[in-house]
Amino acid sequence: MSESTIGGSYEECRTTADWLLKHTQVRPIVGIVCGSGLSALADMLKDPQVFKYCDIPNFPRSTVRGHAGQLVFGTLKGKSCVCMQGRFHLYEGHPIQKITLPMRVFKLLGVKTMLMTNAAGGLNQDYKVGDFMVIKDHINMPGFAGVNPLSGPNDDRFGVRFPCMSDAYDRELRQLAHDVAGELGFSDFLKEGVYCVLGGPSFETIAECRMLHRLGGDAVGMSTVHEVIVARHAGMRCFAMSLISNRAVMDYDSRERANHDEVLETGNQRAKQMEVLVSTMVARLDDNENNDKNNS
Ligand SMILES: O=P(O)(O)O[C@@H]1C[C@H](O)[C@@H](CO)O1
Ligand SMILES: Nc1nc2[nH]cnc2c(=O)[nH]1
């Protein structure tokens with residue numbers, strides 16, 4: 001299969017970006033991705049302009065409950081934003097380059113900063129359901145098996161062949177999250193840790209959770225990392241935060257069972273606080289610091 005049939009080629013992304021630029025006046029500098037059950041964040045955008053994924057050229061369809069499947073343009077706290085109300089996952093059957101196509105489209109739209117959220121299982125025993133975890137680093141398990149969104153020919157118009165990932169999660173944005181959480185009285189439930197991505201859709205076994213915890217993972221999920229890799233490759237700065245929607249089961253005597261209903265329910269309960277935290281961060285983004293951090 002050629003790269004253009006897999007997805008994410010420059011030409012394909014350009015077509016999508018040009019279509020969007022023709023259909024909206026908004027010129028976003030901030031991109032937001034809403035995780036499972038966290039879509040309400042997009043409802044905060046003023047003067048929203050909504051495009052269903054099925055109407056956008058080259059966009060895949062959202063198939064997961066809790067992911068509305070639309071792109072919302074608008075203004076959040078005075079900043080022009082584009083928000084994915086629902087993301088794509090490997091387990092939906094999309095090629096990994098298709099899952100991450102929106103990041104390249106956002107880059108071509110002029111986005112400088114990406115803010116991503118997700119729902120994740122808590123591996124760290126100190127974490128409680130409902131905690132927020134600022135992602136400081138990731139473990140890309142599919143990447144170990146060669147499943148990486150940058151596989152295939154590199155297009156220098158997006159970024160370099162071998163992008164560095166040791167600064168994937170922007171230090172200043174992480175600090176901003178802690179500062180804002182302090183002001184909002186959220187510090188008690190704002191943690192910082194390592195997010196481990198798996199392909200899904202099956203949740204982990206007890207042995208897998210134990211292994212991931214020993215490997216250094218604080219939370220486990222099925223998204224975000226692929227988006228971050230592509231966004232960083234293209235020079236956008238990234239911030240990502242997990243809602244600990246359930247505890248990863250690590251004890252053979254436990255009666256707990258991971259399930260998507262609990263994930264969505266925790267999202268519902270914490271949506272408001274997530275919205276306040278993220279929107280206050282957006283308000284504080286310094287336009288001058290919103291420069292390309294290209295890793296070339
Ligand atoms: O898009 P995110 O990572 O928030 O979604 C998580 C992972 C699975 O898609 C789903 C499992 O409940 O939630
Ligand atoms: N892999 C994985 N993804 C999740 N998303 C929300 N909770 C979980 C979980 O426990 N495991």
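What you see is a predicted model; the values in this text were computed from it and never measured. All values below come from the heavy atoms of this structure, side chains included, with hydrogens, waters and symmetry mates left out. As the structure lists them, so they are numbered: ligands from 1, and atoms in each ligand from 1.
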Original post:
Under a 4.0 Å N-O cut-off, is there an ion pair linking Lys98 with Glu92?
Top reply: no
Original post:
When you check the gap from the basic side-chain N to the acidic O, do Arg270 and Glu275 get nearer than 4.0 Å?
Top reply: no
**OP:** Quick one: list whatever passes side-chain contact (heavy atoms from CB on, under 4.5 Å) with His178, sequence neighbours left out.
**Re:** Val134, Gln175, Leu190, Glu192
Original post:
Just heavy atoms, cut-off under 4.0 Å: does Ser36 contact ligand 2 by side chain, backbone, both, or neither?
Top reply: neither
Original post:
Do Met222 and Val33 share a hydrophobic cluster (ILVMFWY, side-chain heavy atoms under 4.5 Å, transitive)?
Top reply: no
Original post:
For Ala248, is the nearest heavy atom under 4.0 Å from an atom of ligand 2?
Top reply: no
Subject >> Close-contact set for ligand 2 against Val263 heavy atoms, below 4.0 Å >> reply: 6 (C), 7 (N)
Subject >> Ligand-residue contact atoms, ligand 2 with Ser245, heavy atoms, under 4.0 Å >> reply: 6 (C), 7 (N)
Original post:
Any idea how Tyr91 and His89 line up, ring-wise: parallel (<30°), tilted (30 to 60°), or perpendicular (>60°)?
Top reply: parallel
Original post:
For atom 3 (N) of ligand 2, which candidate among Gly221, Gly199, Pro201 provides the closest heavy atom?
Top reply: Gly221
Original post:
Out of Leu212, Asn140, Ile139, which one pairs with Leu198 under the side chain to side chain contact (heavy atoms under 4.5 Å, CB included) rule?
Top reply: Leu212
**OP:** Give the C-alpha distance, both sets of side-chain angles, the deciding distance and a yes or no for side chain to side chain donor-acceptor pair (under 3.5 Å) between Glu227 and Thr100.
**Re:** CA-CA 5 Å; Glu227 295 156 358; Thr100 50; over 6 Å; no
Original post:
Which protein heavy atom lies closest to atom 1 (N) of ligand 2, and at what distance to 0.1 Å?
Top reply: Glu204 OE2, 2.5 Å
Original post:
By number and element, which atoms of ligand 2 are closer than 4.0 Å to a non-hydrogen atom of Val220?
Top reply: 1 (N), 2 (C), 3 (N), 4 (C), 8 (C), 9 (C), 11 (N)
Original post:
What atoms of ligand 2 come closer than 4.0 angstrom to any heavy atom of Met222?
Top reply: 1 (N), 2 (C), 3 (N)
Original post:
Identify the closest protein heavy atom to atom 8 (C) of ligand 2: which residue and atom is it, and at what distance?
Top reply: Gly121 N, 3.4 Å
**OP:** Before accepting this row, confirm whether a basic side-chain N of the pair Arg174/Asp179 lies closer than 4.0 Å to the acidic partner's carboxylate O.
**Re:** no
Original post:
Is it true that the NZ or CZ of Arg104 lies under 6.0 Å from the centre of Tyr10's six-membered ring and within 45 degrees of the ring axis?
Top reply: no
Subject >> Under 3.5 Å side-chain donor-acceptor pair for Thr113 and Arg237 >> reply: yes
**OP:** Return the protein residues near ligand 1 (heavy atom under 4.0 Å from any of its atoms), ordered by chain and residue number.
**Re:** Gly35, Ser36, His67, Arg87, His89, Tyr91, Asn118, Ala119, Phe203, Met222, Ser223, His260, Val263
Original post:
Is the Tyr169-Phe239 ring centre distance short of 6.0 angstrom?
Top reply: no
Original post:
Is Ala119 in polar range of ligand 2, meaning some N or O pair under 3.5 Å apart?
Top reply: yes
**OP:** Note the single closest protein heavy atom to atom 10 (O) of ligand 2, along with its residue, its atom name and the distance in Å.
**Re:** Asn246 ND2, 2.8 Å
